[in-house]
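For reference, the structure discussed in these notes is given below.
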2 protein chains.
Amino acid sequence: MKNADENINRSGEPEFEPQRLETAQPGQHGGGSLDRDATELHEALGDLIRVYQFRDRKRICYHDVSVTQCYALSALVRHGSPTLNQLSDELYLDKSTTSRVVDSLVKKGYASRVPEPEDRRAIRVEPTAKGRELFATIEKHLIEQEKRLIADFDPEVRQATTRLIARLARAAKERFSRDDGTCCTIEDE
Amino acid sequence: MKNADENINRSGEPEFEPQRLETAQPGQHGGGSLDRDATELHEALGDLIRVYQFRDRKRICYHDVSVTQCYALSALVRHGSPTLNQLSDELYLDKSTTSRVVDSLVKKGYASRVPEPEDRRAIRVEPTAKGRELFATIEKHLIEQEKRLIADFDPEVRQATTRLIARLARAAKERFSRDDGTCCTIEDE
DNA sequence: CATTTTTCATTGCTACTAACAACTATATTT
DNA sequence: AAATATAGTTGTTAGTAGCAATGAAAAATG
C-alpha cells in the first residue's frame with residue numbers, strides 16, 4: 001500500500017523545480033525534506049478530510065440539515081447575521097449556491113432573510129431561535145465526539161494538534177483565497 | 001496502534017509557539033481543558049476542511065475531474081484495482097454512489113471495469129494509463145501547492161504537523177467507522 | 001440437489017451541492 | 001440623467017449522495 005507512492009514520486013521524482021522556494025530558513029537537513037513533507041502532509045490531510053466529511057455526513061444529517069447547511073448555520077450564529085455576500089465569502093461558495101443554501105435553511109425555519117436598511121439591495125441572513133438551538137445541539141454532539149476522539153492524547157499533544165491545524169488553516173486560507181483559480185500555472189506535458 | 005503513537009511526539013515535538021492556552025488543569029470528570037481542547041480543535045478543523053475543500057474544487061476541476069472522482073482515482077492507483085465494495089469502503093461512500101463515480105471515470109477514459117474471475121458477481125476497477133497519468137499530474141500540482149504553503153514553516157513544525165494530522169486521521173478513521181451511525185446516543189438535555 | 005439467504009453491483013428515485021450565466025433591482029459614478 | 005457597478009435571485013447543467021429495489025451469482029441450509 002505504501003508503495004503506491006512510487007507512481008507519484010519515484011518514477012519521475014525530481015521532476016519538480018528543486019526546492020528553490022525560499023528555503024531561506026537555515027534548517028538544513030537537506031532541503032529535500034520539503035518535498036517529502038509536502039507529500040506526506042498532502043496524504044495525511046487527504047485522509048483526514050475524507051474521514052471527517054464522512055463523519056459529518058453521517059452525523060449532521062441526523063439533525064435535519066446537510067453538512068453545508070450546517071456550516072452556513074454556524075456562520076450565521078457566529079458572525080451575527082451576515083449579508084449574503086459575506087456569507088458566501090465565509091463559506092467559499094458562489095453567491096448563487098449560498099442563496100440556495102439559505103433558501104433551504106429558511107424553508108426549514110432555521111434562518112430568515114431580513115432587509116438591510118442601509119442598502120436596499122442587500123439582505124441579512126439571521127438565524128432564528130430554532131436555528132440557534134439546532135446549531136447548539138449539533139455543535140455539542142460534534143464536540144462531544146471530538147472529545148472522545150482526543151481523550152487519550154496527552155494534553156500537550158492535543159494542544160499542539162489544534163495549534164498546528166489552526167496555523168495550517170490560516171496559511172491555507174490566506175494563500176488559497178489569494179491566488180484564486182488563476183494560479184494553475186504549471187501546464188507541463 | 002494507539003500505543004505506538006504515544007511517543008510520536010515525545011521525541012521531537014516541543015517548542016513551537018509556547019503560547020499555552022492557559023491552565024491545562026485538573027480533569028474534573030470530563031470538564032476542564034479537554035472540553036476546551038475539543039472545542040478548539042473542532043473549530044480549527046472546520047476551518048481547515050472548508051478551505052481545503054474550496055482549494056480542491058478550484059484546483060482539481062481544472063483537470064476534468066471532480067474532487068470525488070479524483071479521490072476515487074487516487075484509491076484506484078494506490079491500491080491496485082479494488083473491487084467496487086473495497087472502493088466504497090475506502091471512500092466512505094455508498095456503493096451506489098461509488099458505482100456512479102466509477103461510471104464517470106469510465107466514461108472519461110480514466111478507469112475501466114474488469115470482471116473478477118474469482119467471483120463473477122464482482123468487478124475490479126482499474127485505472128487506465130490515461131488515468132494514472134492524470135492522477136500523477138493532479139497530485140503533482142496539489143503537492144506543489146502544499147509545498148509552497150509550508151515552505152516557510154520550520155522543518156520540525158512541518159513534520160510535527162504531518163505527524164499529528166496523520167495521527168488524528170487514524171484515530172478518526174478508527175472511531176468514526178466503528179461506531180457507524182448508531183452512536184447518536186445523546187439526546188439533548 | 002433444490003431452496004433460501006446473502007452478497008456484489010447496478011438502476012430508479014429524490015434531495016442537495018455547486019458553478020456559471022442571465023436577470024432584476026438598487027447604488028454609485030460620471 | 002445615463003452609464004456602470006453591486007447585491008441577490010433564478011435558470012441551467014453536472015455532480016454528489018443515500019436509500020430502496022433489482023438482477024445475478026455465491027454461500028448456506030434443508
Side-chain angles (χ1 to χ4, degrees), chain A residues 49-50 53-73 81-108 110-126 180-181, chain B residues 49-50 53-73 81-108 110-126 180-181:
Chain A
I49 289 174
R50 272 203 307 284
Q53 282 187 281
F54 169 71
R55 189 277 301 249
D56 288 347
R57 276 200 307 273
K58 273 267 171 205
R59 190 128 272 279
I60 293 176
C61 293
Y62 281 117
H63 298 282
D64 179 43
V65 285
S66 71
V67 178
T68 304
Q69 286 162 8
C70 185
Y71 281 160
L73 190 52
S81 311
T83 66
L84 201 98
N85 266 340
Q86 289 167 339
L87 185 59
S88 73
D89 284 350
E90 175 73 15
L91 299 174
Y92 306 105
L93 293 176
D94 190 83
K95 295 188 317 178
S96 64
T97 304
T98 307
S99 178
R100 280 185 247 258
V101 170
V102 170
D103 282 346
S104 64
L105 290 176
V106 169
K107 194 158 59 182
K108 291 175 181 170
Y110 299 125
S112 61
R113 285 175 164 98
V114 304
E116 163 65 41
E118 305 286 294
D119 182 341
R120 277 159 53 217
R121 293 167 301 182
I123 56 160
R124 292 197 167 270
V125 185
E126 37 182 58
D180 60 319
Chain B
I49 289 174
R50 272 203 307 283
Q53 282 187 282
F54 169 71
R55 188 276 302 250
D56 288 347
R57 275 199 308 273
K58 274 267 171 205
R59 189 126 272 279
I60 293 177
C61 294
Y62 281 116
H63 298 282
D64 179 42
V65 284
S66 71
V67 177
T68 305
Q69 286 162 10
C70 185
Y71 281 160
L73 190 52
S81 311
T83 65
L84 200 97
N85 265 341
Q86 289 167 340
L87 184 60
S88 73
D89 285 350
E90 176 72 16
L91 299 174
Y92 306 103
L93 293 176
D94 189 84
K95 293 189 322 176
S96 63
T97 304
T98 308
S99 179
R100 281 184 246 258
V101 171
V102 170
D103 282 345
S104 65
L105 291 176
V106 169
K107 193 156 63 182
K108 290 174 181 171
Y110 299 124
S112 61
R113 282 180 233 249
V114 305
E116 164 64 41
E118 303 287 295
D119 182 342
R120 280 157 52 216
R121 292 166 301 182
I123 57 159
R124 293 198 164 269
V125 186
E126 41 183 53
D180 59 319

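Labels below follow one simple rule: chain letters A, B, ... track the order of the sequence lines, proteins then strands, and each chain is numbered from 1.
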Within the 4.5 Å heavy-atom criterion, are B:Tyr71 and B:Leu87 side-chain neighbours or not?
no
Could you list where the contact with chain A starts and ends along DNA chain C, reading 5' to 3', using a 4.0 Å heavy-atom cut-off?
C:dC16 to C:dA27
Quick one: label B:Ser96 by what it contacts on the DNA or RNA (base, sugar-phosphate, nothing), any heavy atom closer than 4.0 Å.
base
Dump every N/O contact between nucleotides 26-28 of chain D and the protein below 3.5 Å, one line per pair.
unit_1	atom_1	unit_2	atom_2	d
D:dA26	OP1	B:Arg120	N	3.2

What is the distance, rounded to the nearest whole Å, between atom CZ of B:Arg57 and atom C1' of D:dT16?
12 Å
Mind checking if B:Gln69 touches a base, just sugar-phosphate, or nothing, with heavy atoms under 4.0 Å?
sugar-phosphate
Please enumerate all residues that pass salt bridge (Lys or Arg N to Asp or Glu O under 4.0 Å) together with A:Arg121, with sequence neighbours excluded.
A:Asp119
From A:Thr98 OG1 over to A:Asn85 CG, what is the distance, rounded to the nearest 0.5 angstrom?
8.5 Å
Are OP1 or OP2 of D:dG18 and a side-chain N or O of B:Thr97 less than 4.0 angstrom apart?
yes
Rounded at 0.5 Å granularity, tell me how far CD1 in B:Ile123 sits from OG in B:Ser99.
6.5 Å
Any B:Ser66 side-chain nitrogen or oxygen under 4.0 Å from OP1 or OP2 of D:dG15:
no
Spell out, as yes or no, whether a donor-acceptor pair under 3.5 Å connects the side chain of B:Arg124 to the backbone of B:Val114.
no
Rounded to whole Å, the CD-C1' distance (B:Glu116 to D:dA24) equals 16 Å
Tell me: OH of B:Tyr71 to P of D:dT16, nearest whole Å?
12 Å
Please report the interatomic distance CZ(A:Phe54) to CG(B:Leu93), rounded to the nearest 0.5 Å.
9.0 Å
Write down the distance between CG (B:Leu87) and P (D:dA17), rounded to a whole number of angstrom.
12 Å
Round to a whole Å and report the spacing from CG of B:Leu84 to C1' of D:dA24.
15 Å
I want to check something: taking the side chain as every heavy atom from C-beta on, are A:Gln53 and A:Val67 in contact at a cut-off of under 4.5 Å?
no
Those residues at least two apart in sequence (or on a different chain) that pass side-chain hydrogen bond (donor to acceptor under 3.5 Å, both in side chains) with B:Ser104 are B:Gln69
If you assign each of A:Thr83 and B:Lys107 to its closest nucleotide in DNA chain D, which residue comes earlier from the 5' end?
A:Thr83
Starting at CD1 of A:Ile123 and ending at C1' of D:dT6, how long is that distance when rounded to a whole Å?
14 Å
Under the side chain to side chain contact (heavy atoms under 4.5 Å, CB included) test, which residues partner A:Glu90, sequence neighbours left out?
A:Ala75, A:His79, B:Arg50
Expressed as a whole number of angstroms, how long is the span from B:Gln53:CD to D:dA17:C1'?
14 Å
Atom pair distance, as rounded to whole Å: CG in A:Asp94 and P in D:dG8
13 Å
Result for 5'-nearest mapping on DNA chain C, choosing between B:Arg100 and B:Asn85, is B:Asn85
Residue pairs, two or more places apart or on separate chains, that pass salt bridge (Lys or Arg N to Asp or Glu O under 4.0 Å) and touch residues 93-105 of chain A
A:Asp103-A:Arg113
With a 4.0 Å cutoff (strictly under), does any side-chain N or O of A:Arg113 reach OP1 or OP2 of D:dG8?
no
